[in-house]
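For reference, the structure is listed below as structure tokens.
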There are 2 protein chains.
Amino acid sequence: MGVTQTHLFTEEQNKIAQMAKAIAHPARIAILQHLIKTNSCINGDLVMEIGLAQATISQHLRELKEAGLIQGSIEGTRVNYCIHPENWTMLRNLFHSFFESYSNCTTPSCT
Amino acid sequence: MGVTQTHLFTEEQNKIAQMAKAIAHPARIAILQHLIKTNSCINGDLVMEIGLAQATISQHLRELKEAGLIQGSIEGTRVNYCIHPENWTMLRNLFHSFFESYSNCTTPSCT
DNA sequence: TTATTTCATTGCAATATTACGATAAATAAA
DNA sequence: TTTATTTATCGTAATATTGCAATGAAATAA
């Protein structure tokens, strides 16, 4: 009990859910938006930008990295992070086709 | 400790994260896809379609309803569920602008 | 009325997430 | 070398999520 039964679902369903989970925290949205804004690949001054502890930011960065949304490169004692372009595009397409699979109508299908 | 500090983030960041969380489970993706596919607003035969217990499906339906992604209408002892058109469009737009805020380039910004 | 059907809710156990202090590891600076 | 800087990891506490059996609630059928 308490563990998601991934075997019940298609690979696509699991993938969409997994990716949604990766961005399902405001801190991770804030990190991504800051990386996009500064472009020039920021490191732990995300700790300053956002008000969370260093360990917490590091943890969120790891989750984003594991999801493939960002990548980091070591530069001395620092680590520069930036968006992972290919994976970002893949995720965008995945969500796009998911949302577009519902052809929008003005009235709901159940009264 | 252990509770998300929403006050640190913008309304938009919290909204995106909240909506991502709503679809961050394969069962909820499966439910949404089945509602889209059948169009004619399905009820608890989602229990048959997906292999989870009735109570579990009901719980996922509630989460989707609370997020505003679906709506239900009572019909006798049954409840018909379908996509909530306006909110679906709103969510699609929210995600679309989030993903488009990163103007894609072929090479990452950090080496 | 008394079943029956359908869905929601409650209560619980197992697991996952969030947050942070403390510490470790690795490099740079003195 | 020693010290400072930066980031990752460990350990822990608080909270949230997932899943299901059991029970409730509400409408229908007999």
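Just so we're clear, the structure is a prediction, and the values are computed from it rather than from any experiment. By convention in this document, chain letters (A, B, ...) are assigned in the order of the sequence lines, proteins followed by strands, and residues within each chain are numbered from 1.
In this structure, B:Tyr81 atom OH and C:dC7 atom P are separated by 8 Å, rounded to whole Å. We find that CE of B:Met48 is positioned 15 Å from C1' of C:dT5, with the value rounded to whole Å. In this entry the distance linking CD1 of A:Ile50 with C1' of C:dT18 reads 14 Å, nearest Å. Rounded to whole angstrom, the span from the CD1 atom of A:Ile31 across to the C1' atom of C:dT18 amounts to 13 Å.
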Annotated protein contacts, base or backbone, on nucleotides 21-30 of chain C with a non-hydrogen cut-off under 4.0 Å, one of B, S, - each
B-----BS--

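For residues 13-27 of chain A, the pairs satisfying side chain to side chain donor-acceptor pair (under 3.5 Å) are A:Thr10-A:Gln13, A:Gln13-B:Gln33, A:His25-B:Thr4, with sequence neighbours left out. Residue pairs satisfying the salt bridge (charged side-chain N to carboxylate O under 4.0 Å, His left out) criterion with at least one member in residues 101-111 of chain B, sequence neighbours excluded, are absent. Among pairs with a residue in residues 98-111 of chain A, those fulfilling salt bridge (charged side-chain N to carboxylate O under 4.0 Å, His left out) read A:Glu100-B:Arg92, at least two apart in sequence or across chains. Applying the ring pair (Phe, Tyr, Trp, His ring centres under 6.0 Å) test to pairs two or more places apart or on separate chains, those with a residue in residues 89-111 of chain B are A:Trp88-B:Phe98, A:Trp88-B:Phe99, A:Trp88-B:Tyr102, A:Phe95-B:Phe95, A:Phe95-B:Phe99, A:Phe99-B:Phe95.
Judged by distance alone, with hydrogens and angles left aside, the side-chain atoms of B:Asn87 form a donor-acceptor pair with the main-chain N or O of B:Gly68 at under 3.5 Å.
With sequence neighbours left out, B:Ser97 forms a side-chain contact (heavy atoms from CB on, under 4.5 Å) with no residue at all. Every residue meeting the side-chain hydrogen bond (donor to acceptor under 3.5 Å, both in side chains) condition with B:Glu75, not counting sequence neighbours, appears here in chain and number order: B:Asn80. Remark: B:Asp45 engages B:Ile42, B:Asn43 in a side-chain contact (heavy atoms from CB on, under 4.5 Å) (not counting sequence neighbours). For A:Thr6, the side-chain hydrogen bond (donor to acceptor under 3.5 Å, both in side chains) criterion is met by no residue, not counting sequence neighbours.
B:Leu52 comes within 4.0 angstrom of sugar-phosphate atoms only, judged by non-hydrogen atoms across all strands, and of no base. Within the nucleic acid shown, A:Ser58 comes within 4.0 Å of at least one base atom, counting heavy atoms only.
Positionally, the nearest nucleotide of DNA chain D for A:Thr56 lies more toward the 5' end than for the other of A:Thr56 and A:Lys21. If A:Asp45 and A:Thr6 are placed on DNA chain D by their nearest nucleotide, the residue sitting closer to the 5' end is A:Asp45. Taking for each of A:Gly2 and A:Ala24 the nucleotide of DNA chain C with the nearest heavy atom, the 5'-most of the two is the partner of A:Gly2. Along DNA chain C, the nucleotide nearest to B:Gln5 and the one nearest to B:Arg78 differ in position, and the one closer to the 5' end is contacted by B:Arg78.
With a cutoff of under 4.0 Å to any heavy atom of chain A, the contacted region of DNA chain D is bounded 5' to 3' by D:dT5 to D:dC20.
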Just distance, no hydrogens or angles: give the donor-acceptor pairs under 3.5 Å from side chains in residues 56-64 of chain A, sequence neighbours left out.
{"unit_1": "A:His60", "atom_1": "ND1", "unit_2": "A:Arg28", "atom_2": "NH1", "d": "2.9"}
{"unit_1": "A:Glu63", "atom_1": "OE1", "unit_2": "A:Arg28", "atom_2": "NH1", "d": "3.4"}

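Two residues are said to be in side-chain contact when any heavy atoms from C-beta on lie closer than 4.5 Å; B:Ile16 and B:Leu94 meet this criterion.
In the region residues 60-73 of chain B, proximity to DNA chain C at under 4.0 angstrom, judged on heavy atoms, holds for B:Arg62.
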